[in-house]
Amino acid sequence: MSAEPIIYGLIFIGVLVLVEGLYLVAFGKSISLNSRVNRRLEMLEKGGPRAEVLDKLRKEMQQHMNNKSIPIYSILAEKAQKAAIAFSPKQLIMIMGGLSAVAFFGLTIGTTTEFLIRVLISAGIGIGAVYFWIAAKAKKRMSMIEEQLPDAVELMVRSLRVGHPFTNAISIVSKEIQDPLASEFGVIADEAAYGRDIGEALKDMAERLDMQDLRFLAVAVTIQQQSGGNLAEILAGLAKVIRARFRLFRRVSAITAEAKWSGKFLSAFPIGALILINLGDPNYYDEVMTHRLFVPGCIAVGLFLGANLLVMRKLTDIKV
């Protein structure tokens, strides 16, 4: 069996590690999603003026969707925004190009693939590695925000009940909880201090993160501003609803986990069996490879495996 597929996989993993290394070198460990540092407060403690810190964070939060019209970048923009990637769109495109060049160099040294195929595979590895890295960052960050939100809302409720205005409650949340939600609420607190409507700011954050629970919070605050009422009681009820939704979502994820992994296993098993058979007997498929239906058959199998993944994903994608 040819070692080229293994080389492709190793090069993909290598460029994936490389992009993470570049990110940590460029922006430091404090911006890593594994860090529990409140980045906004850290920037303020270093002496940065409040207006400059707000402006920098807002640019980082909005830069990706503002450049969604760029052809290649459009596939990354939404996830990059959710992940709050500090790389600018131009930097990410340059990184994709650089990683593609690294992958091409590796393929040139390690394989005998034709030039055009090497170019296409290299481009796929460079773009795919960046997309996979950003998607993983976005998924992890959104999961952390979902876990933090009920605690943040309950902290607002306690602040309101002891007499703080809602803007102060938002500010307290931005200082007492950890990132990633702390910096998000910190931006809202700063925008409110400079005169922006807090309901509008919450709505923009909910749309930017595409998170239903945040939309509930924005709607609750907006309605209370327009019609009055006990905001503490409203948010207390909202916190209970968010926690119940979160528990239900986890339960659904646990119930559907078996089906999800079954779909992945059933799609990966034929490929794994093919690799093992070729390792055991490299000439096993020699007699059928020359048959006129061999290539169409391989294409059909690939389509069926892909359809299996899509169907299982749709069946287990239960909205909560």
Side-chain angles (χ1 to χ4, degrees), residues 30-31 33 35-46 48-62 65 81-84 141-243 245-246:
S30 64
I31 203 171
L33 291 177
S35 175
R36 293 294 182 177
V37 175
N38 187 324
R39 183 165 172 253
R40 172 178 166 271
L41 291 183
E42 185 182 30
M43 293 167 68
L44 292 172
E45 288 173 359
K46 289 181 179 179
R50 187 177 182 182
E52 290 184 9
V53 172
L54 172 62
D55 186 57
K56 182 177 181 180
L57 291 175
R58 287 184 67 182
K59 284 181 178 179
E60 289 181 3
M61 292 173 179
Q62 298 171 358
M65 292 305 290
Q81 179 171 278
K82 291 181 179 180
R141 186 170 184 267
M142 294 304 296
S143 297
M144 292 171 67
I145 290 176
E146 288 174 353
E147 291 183 11
Q148 290 178 307
L149 185 58
D151 294 332
V153 175
E154 288 178 350
L155 182 56
M156 291 181 208
V157 172
R158 291 194 293 270
S159 300
L160 291 171
R161 283 175 175 169
V162 299
H164 293 292
F166 186 61
T167 52
N168 282 13
I170 292 286
S171 181
I172 290 171
V173 168
S174 71
K175 295 175 183 177
E176 296 298 326
I177 64 173
Q178 298 168 330
D179 268 350
L181 195 57
S183 293
E184 294 283 350
F185 274 103
V187 169
I188 292 176
D190 290 341
E191 288 178 337
Y194 286 110
R196 189 181 187 190
D197 179 73
I198 200 164
E200 182 184 341
L202 285 169
K203 182 180 178 181
D204 283 351
M205 181 176 74
E207 294 300 326
R208 176 164 43 81
L209 297 177
D210 191 23
M211 189 172 172
Q212 191 64 36
D213 292 333
L214 282 174
R215 291 191 182 98
F216 292 156
L217 175 61
V219 169
V221 172
T222 302
I223 292 175
Q224 192 276 336
Q225 288 177 335
Q226 294 174 353
S227 59
N230 190 333
L231 183 58
E233 294 300 322
I234 295 172
L235 294 184
L238 178 61
K240 293 179 182 178
V241 171
I242 293 173
R243 285 196 183 280
R245 277 170 49 84
F246 188 71

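Note that the numbering runs from 1 along the sequence shown for the chain. Note that these values count all heavy atoms, side chains included, but never hydrogens, waters or copies made by symmetry.
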Looking only at non-hydrogen atoms, find the nearest pair between Ser171 and Ala189 and report the distance.
CA-CB, 4.0 Å
Which distance, rounded to the nearest 0.5 Å, do you find between the CG of Leu238 and the CD1 of Ile242?
4.0 Å
Might you point out which heavy atoms bring Arg141 and Leu209 nearest each other, and give the distance in Å?
NH1-CD2, 3.7 Å
Side chain to side chain contact (heavy atoms under 4.5 Å, CB included) filter on Ala152, not counting sequence neighbours, yields Val173, Ile177, Leu181, Phe185
Working to the nearest 0.5 angstrom, can you tell me the gap between Met211 CE and Met142 CE?
5.5 Å
Looking only at heavy atoms, the pair that brings Ala218 and Gly199 closest together is CB-O, 4.4 Å
Any side chain to side chain donor-acceptor pair (under 3.5 Å) pairs touching residues 152-166, not counting sequence neighbours?
Glu154-Arg243, Arg161-Glu233
The criterion is side chain to side chain contact (heavy atoms under 4.5 Å, CB included); which residues satisfy it with Glu191, sequence neighbours excluded?
Leu54, Arg58, Val187, Arg196, Ala201
Full working for side chain to side chain contact (heavy atoms under 4.5 Å, CB included) between Leu217 and Met156
CA-CA 11 Å; Leu217 175 61; Met156 291 181 208; 4.2 Å; yes
Residues that Thr222 engages under side chain to side chain contact (heavy atoms under 4.5 Å, CB included), provided they are two or more places apart
Gln226
State which residues pass salt bridge (Lys or Arg N to Asp or Glu O under 4.0 Å) with Lys82; sequence neighbours excluded, sorted by chain then number.
Glu78, Asp210
Rounded distance (nearest 0.5 Å) linking atom NZ of Lys175 with atom CG of Leu155
12.0 Å
Counting only N and O atoms by type, is there a donor-acceptor contact under 3.5 Å from the side chain of Gln148 to the main-chain atoms of Gln178?
yes
Tell me every residue that passes side chain to side chain contact (heavy atoms under 4.5 Å, CB included) with Ile198, counting only those two or more places apart in sequence or in another chain.
Phe166, Thr167, Ile170, Ile188, Ala192, Val221, Gln225
Which atom pair, heavy atoms only, marks the closest approach of Leu231 to Ala220?
CD1-O, 4.5 Å
Could you tell me the separation between the CG atom of Asp213 and the CZ atom of Arg245, rounded to the nearest 0.5 Å?
4.5 Å
